[in-house]
Amino acid sequence: MLNALRPKVVAILNNNIEVYLRLQQICDLLQESIPYYDWVGFYFKNGNKAELKLGPYAGAPTDHTIIPFGKGICGQVALSNENFIVPDVKAQDNYIACSIHVKAEIVVPLFLNGENVGQIDIDSNTPDPFTQEDEEFLEFVNKGIAKIL
Ligand code: SME
């Protein structure tokens, strides 16, 4: 299912429209196509501050539009440069809840010229849904985005 979406992601990335609109379309595509992707969004480093700023997203609005580095799953990935799969958000101490319905989360960093400049963040209302397949798919998405930034 995820691999079938790759050509659609590439088609969006190749559209000659504003980058933020392409990122919005990718959020919408993933959230609508993958049943366990309930919230899909991008966070990017906020200028030269040690914090993340919310970019395009699909799903319920979140209060967490700014996340300091180190805080929550997203803030930890900003520092670790590693993918972070959370099978059960209740088992995490350093977690920022956006919705009571969320059971699991995956965050994959986005690298531009080797620098961690942001990330894609997926929340799921399904317990423990994420696998290596999701990691590989989201790395593919982020690599494609890096080429248009
Ligand atoms: N849960 C995230 C915060 C962002 S929301 O999921 C949209 C975290 O712990 O960093």
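Counting begins at 1 with the first residue of the sequence. Order of listing sets the numbers, starting from 1, for every ligand and every atom in it.
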Using a 4.0 angstrom limit on heavy atoms, which residues are close to ligand 1?
W39, Y43, I67, G72, I73, C74, Y95, I96, C98, E105, D121, D123

Pick one: which of Y43, F42, Y57 meets side-chain contact (heavy atoms from CB on, under 4.5 Å) with I120?
F42

Between R6 and F140, is NZ or CZ placed under 6.0 angstrom from the six-membered ring centre and within 45° of the ring axis?
yes

Would you check if L13 and I26 make a side-chain contact, meaning some heavy-atom pair closer than 4.5 Å?
yes

Listing request: all side chain to side chain donor-acceptor pair (under 3.5 Å) pairs with a residue in residues 106-120, at least two apart in sequence or in separate chains.
N81-N116

Given side-chain hydrogen bond (donor to acceptor under 3.5 Å, both in side chains), test E139 with N83 step by step and report yes or no.
CA-CA 9 Å; E139 285 170 7; N83 298 344; 2.7 Å; yes

Quick check for you: to the nearest 0.5 Å, what is the distance between N14 atom CG and I148 atom CD1?
9.0 Å

